Every structure is written in structure tokens, then in C-alpha cells.
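This chain uses plain numbering: 1 for the first residue, then up along the sequence. None of the values given here were measured: they were computed from a predicted structure. All ligand and atom numbering here is 1-based and tracks the order in the structure.
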Amino acid sequence: MADERLRVALLAPVWFPVPPTGYGGIEWVVALLADGLTEAGHDVTLFASGDSRTQARLSAVFAEAPSEWIGHSQLDLRHALSCLVRADEFDLVNDHSGPLAFALAGLVSTPVVHTVHGPLADDPGAIYEQVVSLNPRARLVSLSLTQRRPRPDLPWVANCPNALDFSVYPVQAQRGDYLLFLGRLSAEKGCHRAIAVATELGLPLKIAGKCREPDELAYFRELVEPHLAHGIEYLGEVPHGQKVELLQQARATLFPIDWDEPFGLVMVESMACGTPVIATRRGAVPEVIEHGVTGVIVDDYRRMAAALDEADALEPLAIRRRAEERFAPERMVADYLAAYRTVVGAG
Ligand code: UDP
């Protein structure tokens with residue numbers, strides 16, 4: 001039973017290709033999982049846009065990821081249904097696409113394991129609670145234990161922290177002189193706080209991030225754009241190669257979040273490149289960063305400037321080594337397989 005070959009459907013979000021060409025944390029994780037499960041001998045079908053690249057069998061409703069239409073639920077629905085109508089062909093469906101597909105999962109007899117990628121406070125938590133009340137067979141995977149905190153009684157089957165393909169994030173032993181902010185341009189990710197820290201230190205700050213949606217554009221105009229001078233630079237949303245160069249040459253990555261981040265792949269990407277992360281103690285930060293080993297955790301972003309010396313003392317190769325030990329794809333694939341087997345065995 002333990003090494004039985006599983007027929008797995010992986011349902012990715014529809015909005016970006018797998019792996020993504022620019023922004024996209026979930027898509028990277030699904031890409032690694034699809035390849036890792038396939039390499040482990042399982043029969044994997046990845047439901048994602050046609051411009052995805054995978055070792056699994058690809059099933060696509062849309063030839064290209066409809067990124068310009070993000071949030072249009074009809075596209076999300078078509079994509080989810082294309083997987084669920086075929087559920088009988090699989091031993092298990094692992095859904096990473098969001099609550100819509102999860103809400104439909106009760107309609108099929110094949111077990112569906114849903115990975116929660118977002119936070120569970122407020123509305124999203126209430127939605128999950130209601131879906132579970134309609135579907136007693138619903139099963140959930142978290143990315144961090146913190147993520148579960150607002151809804152500890154949901155039917156969790158496993159905690160599977162995200163992983164990284166370390167082969168495409170080479171480490172560099174020498175650091176540059178600038179600070180880096182990488183992520184979405186939104187208040188919760190704290191780019192404006194990174195600007196305040198860099199200004200206090202008198203150091204250059206390179207900002208790379210997604211700024212496409214109306215709230216991101218409004219945030220950018222109000223809290224970022226007015227500060228773009230004297231070494232504070234916005235580079236736009238960066239593709240993979242540029243991202244790696246930026247990470248490798250940064251003195252530290254600032255992660256001044258102001259929300260309960262469910263995971264935060266940017267932290268692992270930075271660690272992979274040997275660059276310490278200075279982060280605020282929110283969400284999954286203490287589960288991802290080991291204080292004094294791979295980065296520095298502060299209680300208030302106003303203490304970030306003072307934490308730079310401590311971050312400078314962390315050795316790039318040691319940071320990388322520790323990140324590889326904890327966030328290797330093999331570990332994540334094993335975590336997911338264990339979760340799948342619990343659910344298939346129980347069925
Ligand atoms: N990202 C990127 N280019 C950008 C901005 C972000 O490639 O300009 C990537 C980032 O490196 C990470 C992902 O998008 O891999 C964001 O995932 P994370 O979990 O850090 O944050 P989320 O936005 O999902 O909350």
C-alpha cells in the first residue's frame with residue numbers, strides 16, 4: 001500500500017502558468033509537486049493553463065493563462081470543472097486553485113484534498129467553515145501551523161510547508177550593498193515600511209514586485225512612488241533570472257509584513273541565494289526563518305534598521321545549507337504523499 005502508484009489530479013490556480021514566468025508562489029509549488037510526484041513514479045495529471053511546463057500530463061482549458069482576467073469566476077469555474085468532471089479517473093484530487101473548486105469537491109466521490117494557500121481570518125475562514133459543513137468528506141492541508149490558528153477545527157490532514165527548486169536559485173558568497181524588497185505591492189507586504197527602513201539607514205533599496213491590480217496601483221501611487229529617489233528604485237515585476245540576481249547581490253531582504261502571512265516563499269528564495277531575511281514576527285515568519293541562523297526576526301519593523309548588523313554576521317553558505325535542509329522539494333513531496341495516503345486509505 002505504502003508504495004502503490006497513485007493516480008493524482010493536481011488542480012493549479014488558473015491565472016498564471018505553472019511554473020510562473022513572473023509573480024506566482026502557488027504556481028512554483030504546484031510545479032515542483034507535479035514533477036516530484038511524477039519522478040517518484042506516480043501518474044499525475046496537472047490541470048493548468050496550456051503555457052505551463054511539466055513532467056506530468058497537462059490538461060488545459062485555456063491555451064494561455066488568463067492573467068489579465070484574474071478574479072473572473074467564470075474562468076475559475078470552467079477550469080475547476082474540467083478537473084472535477086474527470087475525478088473518477090483518479091485516486092485523489094489535490095486542489096490548489098482556491099475555495100471555488102473546494103466548494104464543488106463534495107459533488108464528486110473521489111477524495112479531494114485541498115491545500116489552503118491563503119489566510120483564514122475573517123471571510124475566507126467563514127467560507128471554509130461553511131464548505132466543510134456541507135461536505136463532511138472535505139480534507140485540508142496547511143502550509144504552516146500558524147495558518148490554522150483562526151480555524152483550528154477545520155479537517156486538517158497535514159501541514160506541508162512549501163519547498164523550492166534550489167537548482168535555479170544559486171547561492172553567491174559575496175553580498176552587495178543594497179536592501180531588497182520583493183513581493184506584491186500591497187500594504188500587507190509592507191513595501192512602504194521597507195522604504196522607511198532604507199531611508200533611516202541611508203542605504204539603497206531595490207523594489208521588485210507585482211503591481212497590476214487596482215488596489216496595488218493605488219498603494220503604489222500613494223505610498224511608494226513619492227519616495228522613488230535617492231537610491232529608492234522600483235524595478236517592476238521581475239522575471240526569474242533578474243529576481244535571482246537581485247537576491248544574490250542584496251545585503252539583506254526586508255520582509256516587513258503586516259498580516260498573517262500563510263507561508264512567504266520570498267523568504268526561502270532569499271535564503272537559497274545566501275541572503276539573510278530581516279522580517280517582522282507575523283504569520284509564518286517564525287516557522288520559516290530561524291532567528292540568528294537564516295535571518296533576523298523583529299517585533300516591530302522600526303527595529304529592522306538596528307537588526308542589520310546581526311543580519312550581516314550571517315554567513316551566506318550557512319544560510320543556504322539550512323534552507324536546503326528544511327525546504328527541499330523531496331521533503332514536500334514526501335509530506336504530500338503521506339497526506340494523500342491517509343485520505344486514500346481512509347476512503
Ligand atoms: N515574485 C516574482 N517577481 C516579482 C514579485 C514576486 O517572481 O516581481 C514571486 C516571488 O519571488 C515569490 C512569489 O512571486 O516566488 C510570491 O510568493 P509569496 O509566497 O512570497 O507571496 P504571496 O504573494 O503569494 O503572498
Side-chain angles (χ1 to χ4, degrees), residues 12-33 65 67 70-71 96-99 115-121 124 141-144 146-147 160-170 180-191 194 205-213 215-217 219-220 224 233-250 253-273 275 277-280 282-285 287-289 294-295 323 327 329 332:
V14 66
W15 313 114
F16 300 103
V18 174
T21 47
Y23 171 81
I26 307 174
E27 292 75 9
W28 264 115
V29 168
V30 176
L32 280 182
L33 196 51
S67 307
I70 195 160
H96 294 257
S97 74
T115 302
V116 184
H117 283 275
L120 284 172
V141 165
S142 59
L143 307 179
S144 63
T146 307
Q147 186 190 22
C160 303
N162 287 338
L164 202 67
D165 178 355
F166 283 84
S167 69
V168 294
Y169 291 85
L180 177 66
F181 174 90
L182 171 65
R184 282 183 276 126
L185 292 208
S186 69
E188 63 200 23
K189 292 285 185 179
C191 182
L205 174 71
K206 293 188 190 288
I207 301 169
K210 174 162 99 64
C211 184
R212 304 188 204 178
E213 290 166 54
D215 54 341
E216 294 167 346
L217 291 163
Y219 171 81
F220 178 78
V224 178
E233 194 185 356
Y234 175 54
L235 304 166
E237 181 177 330
V238 295
H240 182 78
Q242 192 182 355
K243 170 168 87 179
V244 170
E245 273 178 32
L246 281 168
L247 284 166
Q248 285 177 329
Q249 289 163 27
T253 299
L254 301 183
F255 202 68
I257 52 161
D258 188 19
W259 73 315
D260 288 322
E261 176 91 47
F263 187 79
L265 204 55
V266 161
M267 292 184 278
V268 185
E269 292 173 326
S270 179
M271 283 148 48
C273 295
T275 301
V277 183
I278 308 178
T280 38
R282 289 292 304 269
V285 161
E287 290 179 59
V288 177
I289 294 176
T294 51
F327 301 105
M332 181 178 74

Of all the atoms in ligand 1, which lie at a distance below 4.0 Å from a heavy atom belonging to [X]?
| X | value |
| --- | --- |
| Arg184 | 22 (P), 23 (O), 25 (O) |
| Gly22 | 2 (C), 7 (O) |
| Gly209 | 5 (C), 8 (O) |
| Gly264 | 19 (O), 20 (O) |

Taking heavy atoms and a distance under 4.0 Å, where does [X] meet ligand 1: side chain, backbone, both or neither?
| X | answer |
| --- | --- |
| Glu237 | both |
| His117 | neither |
| Leu182 | side chain |

Can you check whether Gly183 has an N/O within less than 3.5 Å of an N/O in ligand 1?
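No.
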Quick one: does Gly24 get an N or O within less than 3.5 Å of an N or O on ligand 1?
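Yes.
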Who pairs with Glu245 by side-chain hydrogen bond (donor to acceptor under 3.5 Å, both in side chains), at least two apart in sequence or on another chain?
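Glu245 satisfies side-chain hydrogen bond (donor to acceptor under 3.5 Å, both in side chains) with no residue once adjacent residues are dropped.
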Sequence neighbours left out, what passes side-chain hydrogen bond (donor to acceptor under 3.5 Å, both in side chains) with Glu213? Give chain and number order.
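Lys210.
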Looking only at protein heavy atoms, which one is nearest to [atom], and how far off is it?
| atom | answer |
| --- | --- |
| atom 8 (O) of ligand 1 | Val238 N, 2.8 Å |
| atom 11 (O) of ligand 1 | Glu269 OE1, 2.5 Å |
| atom 21 (O) of ligand 1 | Lys189 NZ, 3.0 Å |
| atom 9 (C) of ligand 1 | Lys243 NZ, 3.8 Å |
| atom 18 (P) of ligand 1 | Leu265 N, 3.6 Å |
| atom 13 (C) of ligand 1 | Gly25 N, 3.6 Å |

Between Tyr169 and Glu269, does any side-chain donor sit less than 3.5 Å from a side-chain acceptor?
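The criterion, which ignores hydrogens and geometry beyond distance, is satisfied for Glu269 and Tyr169.
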Would you say the side chains of Gln248 and Thr275 form a donor-acceptor pair under 3.5 Å?
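Not at all, the side chains of Gln248 and Thr275 share no donor-acceptor pair under 3.5 Å.
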Are Phe181 and Pro256 packed together at the side-chain level, in the sense that at least one heavy-atom pair is separated by less than 4.5 angstrom?
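Result yes, sub-4.5 Å side-chain heavy-atom pair found.
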Hey, does Thr115 have a side-chain heavy atom less than 4.5 Å from the side chain of Leu143?
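Side-chain contact under 4.5 Å: yes.
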Before we go on, tell me: are the rings of Phe220 and Tyr234 under 6.0 Å apart, centre to centre?
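Yes, the ring centres sit under 6.0 Å apart.
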Using modelled atom types and a 3.5 Å cut-off, is there a donor and acceptor pairing between side-chain atoms of Ser67 and backbone atoms of Trp15?
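Yes: the side chain of Ser67 pairs with the backbone of Trp15.
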Judged by atom type as modelled, is there a donor-acceptor pair below 3.5 Å linking the side chain of Glu27 to the main-chain atoms of Ala12?
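Judged by distance alone, no pair lies under 3.5 Å.
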Nearest candidate to atom 22 (P) of ligand 1, where distance is taken over non-hydrogen atoms, out of Trp28, Tyr23, Trp259
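Nearest heavy atom to atom 22 (P) of ligand 1 lies in Tyr23.
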How close do Phe166 and Ala323 get, counting heavy atoms only, and between which atoms?
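It is CZ-O, 3.4 Å.
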Salt bridge check, Glu237 against Arg212: does any charged N sit closer than 4.0 Å to a carboxylate O?
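Salt bridge: yes.
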Is it true that Glu261 lies under 4.0 Å from ligand 1, counting heavy atoms only?
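Right, Glu261 reaches ligand 1.
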